[in-house]
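As a basis for the values below, the full set of heavy atoms in this structure was taken, side chains included, without hydrogen atoms, waters or symmetry mates. Throughout, a chain's letter reflects where its sequence line sits, starting with A, and its residues are numbered from 1.
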There are 2 protein chains.
Amino acid sequence: MDQLRETLKGHQLRTTTCREDVLSTFITKKNALSHGDLEGALGENYDRVTIYRTLKTFLEKGIIHKVLDDEGLRYALCSHSCSEEKHQHDHIHFKCSECGETNCIENLHIPAVQLPMGYQAQNFNLLIQGTCPKCS
Amino acid sequence: MDQLRETLKGHQLRTTTCREDVLSTFITKKNALSHGDLEGALGENYDRVTIYRTLKTFLEKGIIHKVLDDEGLRYALCSHSCSEEKHQHDHIHFKCSECGETNCIENLHIPAVQLPMGYQAQNFNLLIQGTCPKCS
DNA sequence: AATCCACTTGCAACAGAGTTGCAAAATATT
DNA sequence: AATATTTTGCAACTCTGTTGCAAGTGGATT
Ligand SMILES: [Mn+2]
Ligand SMILES: [Mn+2]
Ligand SMILES: [Zn+2]
Ligand SMILES: [Zn+2]
């Protein structure tokens, strides 16, 4: 529980129960979560809007990152300490078509690609869909 | 105009003005389009619902494919003839942070990645964000 | 411990995205 | 021209996300 306060403080955020609970949910469930997932997990405790704002704040501060999806945005914890300034990722995301879970594969990096002349890359997002180990 | 009928017929679809217009819009604008983009382009001509259904039909028939985005789904033409059965892509998508356009880079393929044991990949989606040639 | 200010929350209201059922209209076939 | 089948528009709805504002809370300072 003190772990959570530390993380929040480390990102210049006030400790509130909503932020603790959202952060805690990301830590315990280990997969990528949508706003709806959080709303389901935290139930009636908080207003929808508050959860939206918490996600937005966490995004800006570099606590979570967006995970692209073909049916709605999800979010996942930033493992390597991102901050408000530096907020970059190059790991792969895997979505299982069976169980529906999306996970960061932290130790698998997106291979470099040689873009055509004139393109300047800043950010990479690779989503692989298929069957996860649990479901195959 | 006959080109459009051919394409539709080739995918076992009846020729309707909405389908022609949507297809035509994808062909003339060459970038990825959201439902809202099409609604804007086709104005008052068609009901929102009809455009949604047209997109859904085109998706199923392999005329267009989804383009993942961090702020809402887009769609783009399938270049190599996809069909209802086979619907696969391995090209890269580039989104420009300046002009907001997202484009298929057809001749640039997603490099192979060695997934950990137990993962079975079926589908790849790589979005690179940065600055496009026009905007740099 | 009480005060204070900035930040955060809940509520209400809204805008946008996407879906469903159904009757009317359009398409392709005979 | 008549028909069977598909497609469209409309209405109604759900789900997602945003904004303004007043009330409530966190944390620093006294
Ligand atoms: Mn991730
Ligand atoms: Mn594409
Ligand atoms: Zn699975
Ligand atoms: Zn651009």
Rounded to whole angstroms, how far apart are [atom1] on [X] and [atom2] on [N]?
{"X": "B/Leu73", "N": "C/dT19", "atom1": "CG", "atom2": "C1'", "answer": "15 Å"}
{"X": "A/Asp47", "N": "D/dT25", "atom1": "CG", "atom2": "C1'", "answer": "16 Å"}
{"X": "A/Leu13", "N": "D/dG27", "atom1": "CG", "atom2": "C1'", "answer": "14 Å"}
{"X": "A/Phe58", "N": "C/dC7", "atom1": "CZ", "atom2": "P", "answer": "17 Å"}
{"X": "B/Arg48", "N": "D/dG9", "atom1": "CZ", "atom2": "C1'", "answer": "12 Å"}
{"X": "A/Leu55", "N": "C/dT8", "atom1": "CG", "atom2": "P", "answer": "15 Å"}
{"X": "A/Glu71", "N": "C/dA17", "atom1": "CD", "atom2": "P", "answer": "18 Å"}
{"X": "B/Leu42", "N": "D/dG9", "atom1": "CG", "atom2": "P", "answer": "11 Å"}

Checklist entry - If each of A/Lys56 and A/Tyr52 is mapped to the nucleotide of DNA chain D with the nearest heavy atom, which maps nearer the 5' terminus, i.e. the 5' end? => result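 It is A/Tyr52 whose nearest nucleotide is closer to the 5' end.
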
Item to check | Most 5' of A/Glu39 and A/Arg53 on DNA chain D, judged by nearest nucleotide | outcome: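 On the 5' side of the pair lies A/Glu39.
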
Ring centres of [X] and [Y] under 6.0 Å apart?
{"X": "A/His65", "Y": "A/Tyr75", "answer": "no"}
{"X": "B/His89", "Y": "B/His109", "answer": "no"}
{"X": "A/Phe94", "Y": "B/Tyr119", "answer": "yes"}

Next on the checklist: Do the side chains of A/Asp37 and A/Lys29 get close enough for a salt bridge, i.e. N-O under 4.0 angstrom?
Outcome noted: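 Between A/Lys29 and A/Asp37 there is no salt bridge, as every charged N stays at least 4.0 Å from the carboxylate O atoms.
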
Checklist entry - Are the charged groups of A/Glu71 and A/Lys95 less than 4.0 angstrom apart, N to O? => result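 Yes.
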
Item to check | Given DNA chain C, 5'-ward residue of the pair B/His35 and A/Gln12, judged by closest heavy atom | outcome: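 Between the two, 5'-proximity favours A/Gln12.
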
Checklist entry - Between B/Gly36 and B/Thr17, which has a closest nucleotide on DNA chain C that is more 5'? => result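 Closest to the 5' end, via its nearest nucleotide, is B/Gly36.
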
Checklist entry - Is there a donor and acceptor pair closer than 3.5 Å between the side chain of B/Arg19 and the base of D/dT7? => result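 Looking at the base of D/dT7, it does not pair with any donor or acceptor on the side chain of B/Arg19 (distance under 3.5 Å).
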
Item to check | Side chain of A/Arg14 (C-beta onward), nearest among D/dT19, C/dA6, C/dA26 | outcome: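 Within the option list, the nearest is C/dA6.
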
Next on the checklist: For C/dA26 and B/Thr16 - does any side-chain N or O of the residue sit under 4.0 Å from the phosphate oxygens OP1/OP2?
Outcome noted: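 For C/dA26, OP1/OP2 do not have a side-chain N/O of B/Thr16 under 4.0 Å.
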
Checklist entry - Can you tell me if the side-chain N/O atoms of B/Thr15 get under 4.0 Å from OP1 or OP2 in C/dA28? => result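 For B/Thr15, the contact criterion (side-chain N or O under 4.0 Å from OP1 or OP2 of C/dA28) is met.
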
